[in-house]
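Note that ligands are numbered from 1 as they come in the structure, with each ligand's atoms numbered from 1 the same way.
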Amino acid sequence: MFAQTVLRPRCAKWLIATGLLLMLSGCVDKPSTLERIKEDGVLRVVTRNSPATYFQDRNGETGFEYELVKRFADDMGVELKIETADNLDEIFARLGQPSGPVLAAAGLVDSEKRKQEVRFSHPYLEVTPQVIYRNGQPRPTDAADLIGKRIMVLKGSTHAEQLAELKKQHPDLQYEESDAVEVVDLLRMVDEGQIDLTLVDSNEVAMNQVYFPNVRVAFDWGDARDQRWAVAAGEDNSLLNEINAYIDKSKQNGSLQRLKDRYYGHVDVLGYVGAYTFAQHLQQRLPRYEKHFQTYAKEEQVDWRLLAAIGYQESMWQASVTSKTGVRGLMMLTQNTAQAMGVANRLDPKQSIKGGAKYFAYVKEQLDKDIQEPDRTWFALAAYNVGSGHLEDARKLAQNEGLSPNKWLDVKKMLPRLSQKQWYSKTRYGYARGGEPVHFVANIRRYYDILTWVTQPQLEGSQVADGNLHVPGVDKTKPAEQAPAL
Ligand code: BLG
């Protein structure tokens with residue numbers, strides 16, 4: 001009896017120790033998720049196909065999530081393999097599969113419910129849920145105004161969770177969750193009056209507003225939330241730690257901010273009226289000049305949509321405009337520039353576009369070699385508008401302030417100083433209307449984004465093929481190559 005009571009715990013301890021050892025050795029043998037990724041040389045990521053996350057344009061894959069996750073993969077030295085899921089539930093389902101993707105980068109915000117299914121990374125983007133209504137309808141001002149309305153949201157979204165919460169207090173609230181639509185569809189349905197309201201995150205609203213002129217934000221519903229990447233709950237910590245370190249590093253070195261600036265920094269510049277007007281001009285004016293943009297862009301190895309965006313900013317695609325300062329034509333060439341580029345008649349749209357393309361390529365070529373893309377393009381645009389000399393002055397001001405002369409985000413802060421005496425009196429080229437190139441670049445980036453989105457081959461595909469992108473004149477029945485979708 002005595003012997004037994006003494007021996008049993010000892011025996012148990014031994015067994016536990018051996019078991020632990022065995023388990024530990026098992027852990028050592030089994031590679032971690034991160035080791036597995038590095039060994040395979042591939043990072044498999046699941047996302048959604050939308051302008052705010054991932055889409056294809058003629059240059060290949062693009063989108064905010066895509067670029068961020070591509071940089072992460074590059075940082076790890078592995079290849080990125082993207083797959084798209086049709087809806088949110090499918091994203092979470094795929095993450096759980098044994099041989100499925102290891103990471104979801106899809107504009108996801110965390111919620112208590114989701115935390116039971118997946119593990120979330122550190123945040124990288126703050127967004128606010130917004131209630132969207134149609135212009136001309138009474139504007140809802142709080143959650144109680146949602147009752148009695150036709151509402152649709154993405155199935156499995158945090159917005160659906162918000163509505164489910166509200167329904168507990170207001171059982172008469174009706175809403176539909178759909179897994180057959182994307183955010184662009186929801187916005188179109190509000191725009192066309194097929195539903196009264198939807199709930200969408202602020203970044204997606206801002207990016208898509210231009211396609212849906214009747215869409216308005218009713219109110220922000222709830223606090224700002226953070227978008228995060230998600231990994232399967234069953235994974236070890238290795239991948240999540242690597243992701244978090246990468247996100248933290250991107251915040252510290254400013255690269256995340258620059259990416260946000262590129263995708264979202266210019267989204268509000270057009271406003272409702274500008275957005276509506278642009279959509280009309282896409283249909284009415286661009287077709288006249290599209291061929292010329294394509295021809296001369298190709299000659300100068302510039303993206304034709306960027307050239308078209310410059311043309312829109314300059315003249316709204318009108319051939320015979322003259323500015324207060326005597327600058328003329330579709331691409332608004334000064335007399336000097338026209339002469340230098342061999343343009344005899346600035347009011348001839350063909351010549352103007354050709355000269356503009358040549359000049360843009362020229363100023364870009366002249367830029368400091370240390371300025372990398374995409375900033376290089378923004379700098380070239382600024383030089384097109386304000387001149388290379390003044391741009392150099394702004395770069396020097398940036399350097400003096402301890403900012404980077406090679407980052408657009410920094411130099412654009414300095415440009416407005418060129419119109420203040422205390423600053424321009426000390427610069428080499430003196431006074432310039434330095435605020436103008438800042439707006440110039442922001443607007444062109446917005447037009448360029450829109451042109452990129454509406455001319456992507458994917459628009460011919462299933463996701464938006466049912467007429468859900470409200471851009472007048474977009475003929476979705478023809479392949480993009482033969483009839484660019486404008
Ligand atoms: C640009 C020239 C640059 C020139 C700058 O002015 O014109 N760009 C072109 O001709 C394409 O070459 O630089 S410089 O040669 O180094 O001096 C500075 O002079 C044109 C700008 C001026 C601007 N639009 C293209 O962006 C313009 O017209 N501003 C006036 C607007 S408003 O009428 O007063 O509202």
Provide, to 0.1 Å, the distance between atom 7 (O) of ligand 1 and the closest protein heavy atom, together with that atom's residue and name.
Thr334 CG2, 3.5 Å

Suppose we screen for side-chain hydrogen bond (donor to acceptor under 3.5 Å, both in side chains). Which residues come up paired with Thr325, at least two apart in sequence or across chains?
Ser323

In this structure, is the centre-to-centre distance between the rings of Trp317 and Phe278 below 6.0 Å?
yes

Short version for Val327: what comes under 4.0 Å of ligand 1, heavy atoms counted, is side chain

Arg228/Asp226 ion pair, N-O < 4.0 Å:
yes

Looking at Arg44 and Glu83, does any basic side-chain N land under 4.0 Å from a carboxylate oxygen?
yes

Look at atom 13 (O) of ligand 1 and say whether a protein heavy atom is found at less than 4.0 angstrom from it.
yes

What salt bridge (Lys or Arg N to Asp or Glu O under 4.0 Å) pairs are there with at least one residue in residues 193-207, not counting sequence neighbours?
Arg48-Glu204, Arg150-Asp196

Among Lys324, Arg433, Glu392, which residue places a heavy atom closest to atom 30 (C) of ligand 1?
Arg433

Any idea which atoms of ligand 1 are less than 4.0 Å away from a heavy-atom of Leu333?
10 (O), 11 (C)

So do the side chains of Val327 and Leu333 get within less than 4.5 Å of each other, counting heavy atoms only?
no

Considering only NZ, NE, NH1 and NH2 on the basic side and carboxylate oxygens on the acidic side, decide whether Glu392 and Arg395 come within less than 4.0 Å.
yes

Residues, nucleotides or ligands: over 12 heavy atoms within 6.0 Å of Lys298 NZ:
no

Close-contact set for ligand 1 against Phe440 heavy atoms, below 4.0 Å:
26 (O)

Under-4.0 Å salt bridge between Arg376 and Glu373:
no

Protein heavy-atom partner closest to atom 19 (O) of ligand 1 - residue, atom, separation in Å:
Val386 O, 4.7 Å

Could you tell me the residue and atom name of the protein heavy atom closest to atom 25 (C) of ligand 1, and the distance to it rounded to 0.1 Å?
Glu314 OE2, 2.8 Å

Atom 3 (C) of ligand 1: closest protein heavy atom, distance to 0.1 Å, is Tyr359 OH, 3.4 Å

Do me a favour and list the nearest non-hydrogen protein atom to atom 23 (C) of ligand 1 with residue, atom name and distance?
Glu436 OE2, 3.4 Å

Run the numbers for me: atoms of ligand 1, each under 4.0 Å from some heavy atom of Ser323, listed by number.
28 (O), 33 (O)

Taking Asp74 first and then Lys70, would you say they form a salt bridge - that is, a charged N and a carboxylate O separated by under 4.0 Å?
yes

For atom 17 (O) of ligand 1, what's the nearest protein heavy atom and its distance?
Gly387 CA, 4.6 Å

Taking heavy atoms and a distance under 4.0 Å, where does Thr337 meet ligand 1: side chain, backbone, both or neither?
side chain

Shortest protein heavy-atom distance from atom 5 (C) of ligand 1, along with the residue and atom involved:
Asn385 O, 3.6 Å

Atom indices of ligand 1, in the order listed, that fall short of 4.0 Å to a heavy atom of Met332
9 (C), 10 (O), 11 (C), 20 (C), 25 (C)

Residue and atom name of the nearest protein heavy atom (relative to atom 8 (N) of ligand 1), distance in Å to one decimal
Tyr384 O, 2.8 Å

